[in-house]
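The next block holds one structure in the form of structure tokens; read it before the comments.
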Amino acid sequence: PLPPLLRKSLESGLITKGAISENRSPETSCTESLNFDFDTIGAATLRKGVTLIGNNLGGPILGMHYFSDTLHGGTNTQLIVGEGTGTYYLSGATWISIRTGLTSGSKQRFSTYLDYTFMVNGTEATMVWNGNTGSSFVTTNNALNAPTGTLIETFLGRMWIGGNTTFPDRLYYSSVPTAVGTPVVTWDTNVTTGQWIDISPSDGDTMTGLQRYKTMMLVFKTNRIYKVFDIGSTNADPQYNVGTSSNESIVETKAGVYFHHSSGFYQFNAYGVIQEISRPIQIDIIKVIPASSYSSITGWLEPDGDHICWSVGTITSREITYTNLVLRYTISTMLWTHRTYPTQIVASIRRQPLYTDGTTQFATTGDTAGNVFEMNTGKTDNGTAISYTIVHRWENIDGLLSTRKIVQVANFTHYGGAGTEISYQTEMQDPDDLNNWTQGVGQFLTSNTGFSSIDIKARKLRFKLSGQSVGEPFTYLGYELLGVISEYLQFTDKI
């Protein structure tokens with residue numbers, strides 16, 4: 001007889017099979033945690049759903065921005081999205097057109113300065129809007145003579161625009177605001193004497209992102225990062241040999257700037273140090289993201305400021321296809337988990353201020369089907385049940401692979417989750433096949449479900465929990481194995 005085996009904590013979160021040997025994996029980790037979060041240390045809680053904002057717009061959402069009005073006491077505050085050839089703002093439960101005739105499929109990017117929303121899309125003229133529903137986007141005032149571009153950011157009291165079609169390495173900057181009652185900025189795009197700097201021109205790389213951070217602005221190319229300190233102070237050579245393919249993957253947080261590169265996810269911290277954060281999911285998830293998805297990876301920060309999500313598209317890993325996969329990283333505990341959704345998220349509000357419905361702040365995203373969502377609200381994904389899975393690490397129980405264990409009793413600690421299926425694998429199953437399980441142990445009751453006489457015989461085993469939910473999120477804490485007997489086996493050359 002063996003003492004009880006207690007596995008009643010999941011505080012290490014998701015560490016996939018390829019990241020570490022099964023003999024070295026933490027006892028408090030799992031190899032799958034689909035649609036579970038680890039916000040309570042040691043526990044796994046089913047995530048909440050998504051709720052539709054406004055009416056469906058029909059096609060992929062091309063950009064999002066929350067314009068927070070200060071000059072008029074918040075009267076002109078607007079949630080703005082781009083779709084198809086137009087730009088819209090939310091009025092009640094309806095999206096109202098505010099700009100039309102845009103190039104179809106071009107990403108729309110926004111930035112707020114001087115109580116205006118500046119907008120670029122790479123082709124049409126840069127325009128501004130003060131959020132007043134009685135007005136519209138215009139090319140006058142702060143946008144007069146502004147360059148076109150795909151990237152826009154505010155920094156050091158100026159507006160900056162990059163990604164010009166004619167001069168792809170050129171970073172334009174405005175004047176500082178005039179000292180008048182209604183301050184404005186001006187632009188000079190003269191090709192020889194204008195207000196601009198070139199970022200390592202014709203270096204074979206493409207400018208892909210702008211992000212201000214503390215006393216610098218980071219200029220991203222696909223595989224490099226440059227620092228801009230002022231209009232006359234920038235790096236001639238790259239400071240880092242990683243970059244990003246997607247401006248939308250760049251997320252500023254309390255702990256620095258996070259972003260995606262083809263080799264993984266990275267943190268640029270307050271000390272200017274870049275470090276990779278995705279090692280626990282590197283082999284099984286990061287390495288199998290298709291290169292065709294890199295430019296559409298979209299990140300966002302949740303309202304608590306401690307969780308970053310990245311939508312990475314659809315991937316196939318170890319015989320499992322994850323459709324519309326979203327990776328979620330907890331900054332304070334450095335834990336990973338992941339989610340799937342009915343549609344692919346391709347746009348988001350990536351920084352403060354986040355959208356507020358009048359009382360509550362939400363992470364806000366848009367999908368390929370023309371929907372805009374409040375994240376982490378409700379019990380379903382806009383009416384679709386939430387599927388979930390947890391797969392525990394392999395257990396030898398007594399620490400030996402050379403003995404067969406007979407497990408008689410198992411108890412699973414949880415609150416809610418009635419109907420959740422429990423099944424198991426032994427060493428006889430393909431460890432890469434998360435669909436191939438010996439048989440079911442049973443189903444959860446309302447809480448703390450035990451099973452007697454389960455009679456599992458194996459040298460090693462692992463458990464899986466799975467199901468679908470349209471109810472309140474439930475919490476799972478782990479399991480206990482009791483009544484375990486270990487017996488030595490005779491063998492000759494192999495087990």
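Remember, it's a predicted structure, so these values are computed and weren't measured experimentally. In this chain, numbering begins with 1 at the start of the sequence shown.
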- Item | Exercise: do S466 and T389 side chains pair donor with acceptor under 3.5 Å | no
- Query: Short question: side chain of T449, backbone of F444 - any donor-acceptor pair under 3.5 Å?
  - Reply: no
- Message: Main chain of S332, side chain of T330: is a donor-acceptor contact present, judged purely on distance under 3.5 Å?
- Response: no
- Query: Does any donor atom in the side chain of E32 or H392 lie under 3.5 Å from an acceptor atom in the other side chain?
  - Reply: no
- Look only at the side chain of N382 and the backbone of V50, and say whether a donor-acceptor pair between them is shorter than 3.5 Å. no
- Query: Can you check whether F451 reaches V409 side chain to side chain, under 4.5 Å on heavy atoms?
  - Reply: no
- Item | Lys/Arg N to Asp/Glu carboxylate O, K107 vs E248, below 4.0 Å | yes
- Item | Test item: Q211 side-chain N/O and L218 main-chain N/O as donor-acceptor pair under 3.5 Å | no
- Query: So, do T475 and L46 sit near enough that their side-chain heavy atoms are less than 4.5 Å apart?
  - Reply: no
- Query: Applying the salt bridge (Lys or Arg N to Asp or Glu O under 4.0 Å) test to D398, which of R404, K405, R459 qualifies?
  - Reply: K405
- Query: Can you check whether T340's main-chain N or O pairs, donor with acceptor, with N35's side chain at less than 3.5 Å?
  - Reply: yes
- Message: Closer than 4.0 angstrom, basic N to acidic O: yes or no for R7 and E395?
- Response: yes
- Compute the ring centroids of Y88 and H65, then answer whether they are less than 6.0 Å apart. no
- Message: Checking side-chain contact (heavy atoms from CB on, under 4.5 Å) between F362 and each of I53, T377, L354, which is the one that passes?
- Response: T377
- Task: Could you tell me whether K254 atom NZ has more than 12 heavy atoms of other residues or ligands within 6.0 Å of it?
- Result: yes
- Message: Quick check on the 6.0 Å ring-centre criterion: do F474 and F36 meet it?
- Response: yes
- Item | Residues E302, K48; criterion salt bridge (Lys or Arg N to Asp or Glu O under 4.0 Å); working and verdict | CA-CA 13 Å; E302 294 186 358; K48 294 182 178 180; over 6 Å; no
- Task: May I ask you to check whether H307 and Y329 place their ring centers less than 6.0 Å from one another?
- Result: no
- Expected output: side-chain S246 to main-chain I297 donor-acceptor under 3.5 Å: yes
- Message: Tell me every residue that passes side chain to side chain donor-acceptor pair (under 3.5 Å) with S25, counting only those two or more places apart in sequence or in another chain.
- Response: R393
- Query: Does some side-chain heavy atom of C30 sit less than 4.5 Å from a side-chain heavy atom of V391?
  - Reply: no
- Are the ring centres of W129 and Y89 closer than 6.0 Å? yes
- Do any N or O atoms from the side chain of N371 and from the backbone of N56 form a donor-acceptor pair under 3.5 angstrom? no
- Message: With no hydrogens and no angle check, just 3.5 Å: does a side-chain donor-acceptor pair link H261 and T222?
- Response: no
- Task: Take F259 and F220, measure what ring-ring contact (aromatic ring centres under 6.0 Å, His included) needs, and give me the verdict at the end.
- Result: CA-CA 10 Å; F259 59 94; F220 288 79; 5.1 Å; yes
- Message: Donor-acceptor pair, distance only, cut-off 3.5 Å: does the side chain of N55 make one with the backbone of W95?
- Response: yes
- Item | Crowding at CD1, I96 (>12 non-hydrogen neighbours, <6.0 Å) | yes
- Query: Are F118 and F110 near enough that their ring centres are under 6.0 Å apart?
  - Reply: no
- Message: Between F412 and F463, is the ring centroid distance below 6.0 Å?
- Response: yes
- Task: Please find out if less than 6.0 Å separates the ring center of Y476 from that of H414.
- Result: no
- Using a strict cut-off of less than 4.0 Å between a Lys/Arg side-chain nitrogen and an Asp/Glu carboxylate oxygen, indicate whether E252 and R212 qualify as a salt bridge. no
- Item | Donor-acceptor pair, side chain of N76 and main chain of D69, under 3.5 angstrom | no
- Message: Run V372 and I61 through side-chain contact (heavy atoms from CB on, under 4.5 Å) and show every step you take.
- Response: CA-CA 8 Å; V372 177; I61 303 301; 4.1 Å; yes
- Message: Hydrogens and angles aside, do T70 and D115 bring a side-chain donor and acceptor to less than 3.5 Å of each other?
- Response: yes
- Item | E480 backbone acceptor or donor facing N411 side chain under 3.5 Å | no
- Task: Tell me whether the guanidinium CZ or amine NZ of R47 lies under 6.0 angstrom from the six-membered ring centre of Y341 and within 45° of its axis.
- Result: yes
- Item | Ion pair check, D284 and R318, cut-off under 4.0 Å | yes
